[in-house]
Amino acid sequence: MVSHAPEHRFVNTGSIGLHVVQVGPAEGRPVMLLHGFPDFWIGWRRQIDALATAGFRVIVPDQRGYNTSDKPKAIREYTLPKLVGDVVAIADALGIGRFHLVGHDWGGIVAWAAGTKLPHRLERLVILNAPHPEVLLAHSLRSPTQFLRSSYAAFFQLPLLPEAFLGAGRSALLARALIKSSRTEAFTAEEIAEYRQAWERPGALTGMLNWYRALRFRPSLKERITTPTLVLWGMQDQALEYGLAERSLALCNDRGLQTFEKATHWVQREEASAVNAALLAFLDG
């Protein structure tokens, strides 16, 4: 596979600056990839070259609070309208009208929200192991096992204490969480070192956790999604049950689903070839 050199730049959204990586031909069809927690742009490394080689202009931001992007302090700066606004601001700054949007984990939640609010901007929508925001609470109340799986989010609501726990020992708990929740070799030692560097940036842990803390301000997102949508789901996800995928797809008019029986939450890393093939087939459709 051809390796494409990433172009790094900062995009001013009007109130904050976001680090954005671009790869692929400048005239290529734009596709934006949104990472989740506790990831940053390198979480898409196994997809970037495949998409760029296929002729896409790949746009991969560090979302607000992460890595070298700005980290506003107020919890309300991490509400879904703000996060969707960042997607629009990046596209506008890069001169992009309509684009494909792909999201994993929290990036997938932002992508779901964009699907309800930005049908005029989105060509196609792909979600990897992330529930629609309207679905997660309802499903958790009906599923005791999902409620238990999501209990860490309640701990994250506390002030300061989660930062102390997650930051101790050079973010040992976060590093262990990535390794324990994934298949062997999904994360290399070199990548874990890169993650530690990102997590240790001033304000990063608080910025990352504020995504969870801002859930209390979640807006209503009951509009049906009309953009063609594909959900890719690793069935061995320790945090999210498969029922969330089914409930989320029920909110889409034009929908598809592909499951990966042996993949965990980190499906794009563990099943990179199959995920890339699914992305290319769907985005080219």
Side-chain angles (χ1 to χ4, degrees), residues 3-26 28 30-49 51-52 56-75 77-96 99-111 113-114 121 128 130 163 166-167 171 174-175 178 187-188 190-212 214 268-269:
S3 181
H4 299 263
E7 305 167 25
H8 297 262
R9 65 172 286 182
F10 279 83
V11 168
N12 188 333
T13 69
S15 59
I16 63 169
L18 296 175
H19 170 234
V20 178
V21 176
Q22 296 181 86
V23 185
V31 54
M32 191 182 304
L33 311 178
L34 302 179
H35 68 80
F37 176 92
D39 220 335
F40 65 109
W41 77 268
I42 70 168
W44 294 108
R45 271 184 178 154
R46 291 163 172 80
Q47 283 65 55
I48 290 171
D49 274 353
L51 289 166
F56 288 96
R57 181 64 167 176
V58 188
I59 301 136
V60 197
D62 284 332
Q63 298 200 77
R64 65 169 62 200
Y66 283 85
N67 195 32
T68 56
S69 286
D70 283 351
K71 303 164 183 63
K73 293 182 179 179
I75 291 173
E77 289 297 307
Y78 296 86
T79 60
L80 276 172
K82 294 277 189 181
L83 304 173
V84 172
D86 288 344
V87 172
V88 175
I90 291 168
D92 288 349
L94 300 179
I96 294 167
F99 54 97
H100 299 306
L101 185 62
V102 181
H104 171 251
D105 185 77
W106 256 109
I109 293 176
V110 175
R121 298 296 294 271
L128 292 80
E163 283 92 332
L166 297 182
S171 302
L174 276 178
L178 291 186
F187 294 89
T188 67
E190 291 79 13
E191 286 176 320
I192 293 296
E194 290 182 88
Y195 280 104
R196 280 195 157 108
Q197 185 178 35
W199 300 331
E200 290 171 352
R201 295 185 187 279
L205 287 177
T206 296
M208 292 156 58
L209 290 165
N210 278 349
W211 285 55
Y212 289 91
Q268 77 272 35
R269 287 176 165 274

Any residue meeting side chain to side chain contact (heavy atoms under 4.5 Å, CB included) with [X], in chain and number order, not counting sequence neighbours:
X    : answer
N12  : none
T79  : P81, K82, A214, F217
A175 : I192, R196, W199

Are any of the side-chain heavy atoms of [X] and [Y] separated by less than 4.5 Å?
X    : Y    : result
V110 : V84  : yes
H104 : R269 : no
L51  : V102 : no
Q22  : L94  : yes
S69  : I16  : no

Worksheet item: Considering residues at least two apart in sequence or located in another chain, which fulfil the salt bridge (Lys or Arg N to Asp or Glu O under 4.0 Å) criterion with R64?
Response: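 Counting only residues at least two positions away or on another chain, R64 forms a salt bridge (Lys or Arg N to Asp or Glu O under 4.0 Å) with E77, D86.
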
Worksheet entry | Partner set under salt bridge (Lys or Arg N to Asp or Glu O under 4.0 Å) for E200, not counting sequence neighbours | R170

For [X] and [Y], indicate whether the former's side chain and the latter's backbone hold a donor-acceptor pair under 3.5 Å.
X   : Y    : answer
K73 : K71  : no
N67 : A198 : no
Q47 : Q268 : yes

Worksheet item: Can you check side chain to side chain contact (heavy atoms under 4.5 Å, CB included) on V21 and W44, steps first, answer last?
Response: CA-CA 11 Å; V21 176; W44 294 108; over 6 Å; no

Heavy-atom closest pair, residues [X] and [Y]:
X    : Y    : result
A130 : D105 : CB-O, 3.1 Å
L101 : V87  : CD1-CG1, 4.3 Å
A52  : G24  : CB-CA, 3.7 Å

Quiz: residues 32-42 side-chain donor-acceptor pairs under 3.5 angstrom, not counting sequence neighbours:
from, atom 1, to, atom 2, distance (Å)
H35, NE2, Q63, N, 3.0
D39, OD1, Y195, OH, 2.4

Item to complete: For side chain to side chain contact (heavy atoms under 4.5 Å, CB included), just list the numbers for Y78 and Y212, CA-CA rounded to whole Å, side-chain angles, deciding distance to a tenth of an Å, and then say yes or no.
Response: CA-CA 8 Å; Y78 296 86; Y212 289 91; over 6 Å; no

Rounded to the nearest 0.5 Å, how far does [atom2] of [Y] lie from [atom1] of [X]?
X    : Y    : atom1 : atom2 : answer
M208 : L166 : CE    : CG    : 7.5 Å
D62  : D70  : CG    : CG    : 11.0 Å
I109 : W211 : CD1   : CH2   : 9.0 Å
T206 : E163 : OG1   : CD    : 3.5 Å

Item to complete: Return each pair, listed once, that meets salt bridge (charged side-chain N to carboxylate O under 4.0 Å, His left out) where at least one residue sits in residues 6-23; pairs must be two or more places apart or across chains.
Response: E7-R57

Item to complete: With side chain to side chain contact (heavy atoms under 4.5 Å, CB included) as the test, would you mind laying out the steps for V23 and V60 before giving the verdict?
Response: CA-CA 8 Å; V23 185; V60 197; 5.9 Å; no

Item to complete: Report the residues that fulfil side-chain hydrogen bond (donor to acceptor under 3.5 Å, both in side chains) with Q197, sequence neighbours left out, ordered by chain and then residue number.
Response: none

Worksheet item: With T68, which residues qualify under side-chain hydrogen bond (donor to acceptor under 3.5 Å, both in side chains), at least two apart?
Response: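 Checked T68 against side-chain hydrogen bond (donor to acceptor under 3.5 Å, both in side chains); matches are H19.
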
Worksheet item: Any ion pair linking R45 and E190 (charged N to carboxylate O, less than 4.0 Å)?
Response: no

